[in-house]
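Okay, structure first, notes after.
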Amino acid sequence: MKGIRGQLVSVIIPVYNRTGLLREAVQSALAQTYRPIEVIIVDDGSTDAEAMHQIRSLIGESPEVVRSIRVSNRGPGLARQAGLEVAAGDYIQFLDSDDLLLPRKLELQVAGLEANPDCALSYGKMREYSLGEMPRAVPSRRTGQRHRTLFPAALQGRLWATETPLYRLSALQGIGPWSGLRILEDWEYECRLGAQGAKLHYCDDFVSDVRHHAGPREGLRWHRDEQAFRDLLSAHVQVLGHARAAGVPAEAKEMKHFARNLFRLARQAGARGLTAEAKQLLGLAAETDRARRGEYRLYGWIAEILGWRRLATWAEPLAGLRRREQPSAGAAR
């Protein structure tokens, strides 16, 4: 049933060379019980003729709602920014081209934001499953938890996936454009709201689905792509800055958790021969967790003698063994 009406919601879907799943993503937006909406497909420089044909077909089927723009391939963040710049909505919904919005998502979250004018975004529960599986009513990640602000919880990783929040346009206008990072760009972007102390509305209902599949996902590029790995490191550095701007104290358990992650990333950067990045991350870890500052400085001193790559190659297997032997400590890394 459609008919719940209010202010315009812009649904922005970046896509690069994806066909079948894109259609399902767009259909999940069109199936919303809320109106009015507009769906903006941002073709991030697709080279696949079938993908471009699919976009034209979707526009032809719903020309009053669906439109597209095409940009040169610059990654998901800048593609979303291109969509944001042409969006006309008072509320903004980002949707990855392989995931889904559940039918009442916009209805429920617009109502939540209308009832809570001090909130910058509304989030709800999300499901996560592989294609071909039946989704279970189990909240994924930390979407079953209520958080009033992003920090300090966001220091332990993202609370949700990209499509789970619904944003006020006015809130996004105050945090600057999406970055050119090709990984964790969404975490860094939303943490800018966290730096401002933005309030969150919680919708106690399932609102979105993340679907795992065999096709490429940008979030895994860092395993094989050095620039994506550098972007991952940069995102962590920026998120630390946002947390400090939000006033998260160094003694907070979430900040100590983040420092351990910085140390882990410093070792991984050293193993890849990225010495400057390894030194920066180790220094930030030492600044952030004073209780372990001596341990981090000792690691840096030994790395200077033995070489960062050699030490990291030895240290990482030992760290993995310790995580397996001590599950609770490993879960905090």
Side-chain angles (χ1 to χ4, degrees), residues 10-31 37-89 92-101 128-132 158 161-164 172 176-190 208-235 272:
S10 297
V11 182
I12 298 171
I13 309 176
V15 62
Y16 176 72
N17 287 349
R18 180 169 282 134
T19 53
L21 295 180
L22 170 64
R23 172 169 289 276
E24 294 174 18
V26 171
Q27 288 173 339
S28 79
L30 296 177
I37 65 170
E38 63 173 359
V39 177
I40 303 169
I41 302 172
V42 184
D43 180 359
D44 191 26
S46 294
T47 57
D48 183 348
E50 177 58 28
M52 292 183 276
H53 171 75
Q54 185 76 263
I55 293 171
R56 290 193 296 270
S57 175
L58 289 163
I59 295 171
E61 292 166 15
S62 304
E64 72 287 356
V65 177
V66 181
R67 59 189 171 118
S68 74
I69 59 173
R70 181 174 170 85
V71 297
S72 59
N73 181 250
R74 295 177 294 171
L78 293 180
R80 294 185 192 109
Q81 181 61 32
L84 189 58
E85 289 170 2
V86 301
I92 303 296
Q93 174 66 61
F94 297 111
L95 173 59
D96 287 347
S97 60
D98 45 5
D99 294 327
L100 304 173
L101 308 180
E128 198 163 0
Y129 53 93
S130 297
L131 282 177
R158 293 193 73 201
T162 303
E163 44 280 335
T164 304
L172 298 184
W178 284 80
S179 75
L181 297 173
R182 286 181 176 259
I183 183 171
L184 297 183
E185 76 291 336
D186 32 22
W187 184 40
E188 185 278 323
Y189 184 72
E190 62 205 21
S208 63
D209 283 358
V210 170
R211 303 185 298 169
H212 298 292
H213 53 83
R217 290 194 79 113
E218 284 291 306
L220 301 177
R221 285 185 59 171
W222 68 273
H223 290 286
R224 62 187 187 279
D225 183 321
E226 182 172 302
Q227 184 54 54
F229 181 66
R230 290 178 185 270
D231 285 352
L232 181 145
L233 303 182
S234 177
R272 292 190 182 207

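For the single chain, residues carry numbers from 1 onward in sequence order. Side chains are part of it too, since the values below use all heavy atoms of this structure and drop only hydrogens, waters and symmetry mates. Not measured: the values here are computed from a predicted model.
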Short side-chain to backbone donor-acceptor contact, Asp48 and Arg18, under 3.5 Å: no

Distance-only donor-acceptor check, side chains Arg23 and Gln54, under 3.5 Å: yes

Minimum heavy-atom distance between Ser10 and Gly89, given as atom pair plus value: OG-N, 2.8 Å

Working for side chain to side chain contact (heavy atoms under 4.5 Å, CB included), residues Gln93 and Ile37: CA-CA 10 Å; Gln93 174 66 61; Ile37 65 170; over 6 Å; no

Nearest heavy atoms of Asp44 and Pro76, plus distance in Å: OD2-N, 4.3 Å

Asn73 side chain near Thr47 side chain, heavy-atom distance below 4.5 Å: no

Student check: side-chain heavy atoms of Val210 and Thr164 closer than 4.5 Å: no

Any Asp231 side-chain heavy atom under 4.5 Å of Leu184 side chain: no

Pairwise side-chain contact, Leu58 with Val39, heavy-atom cut-off 4.5 Å (strictly under): no

Donor-acceptor contact present, side-chain Asp209 to main-chain Leu100, <3.5 Å: no

SB check Glu226 Arg272 (cutoff 4.0 Å): no

pair Leu78-Val71: side-chain heavy atoms closer than 4.5 Å: no

Closest non-hydrogen atom pair between Leu95 and Asp99, with its separation: CD1-O, 3.7 Å

Cationic N near anionic O, under 4.0 Å, Arg211 to Asp96: no

Minimum heavy-atom distance Ala82-Ile69, with the two atoms named: O-CD1, 3.5 Å

Residues forming a salt bridge (Lys or Arg N to Asp or Glu O under 4.0 Å) with Asp43, sequence neighbours excluded: Arg70

Parallel, tilted or perpendicular: rings of Phe94 and Tyr189 (30°, 60°): perpendicular

Non-hydrogen atoms of Ser208 and Glu163 that approach each other most closely: CB-CG, 4.0 Å

Heavy-atom closest contact (Ser179 atom, Glu188 atom, distance): OG-OE1, 4.1 Å

Side-chain donor-acceptor contact under 3.5 Å, Ser57 with Glu61: yes

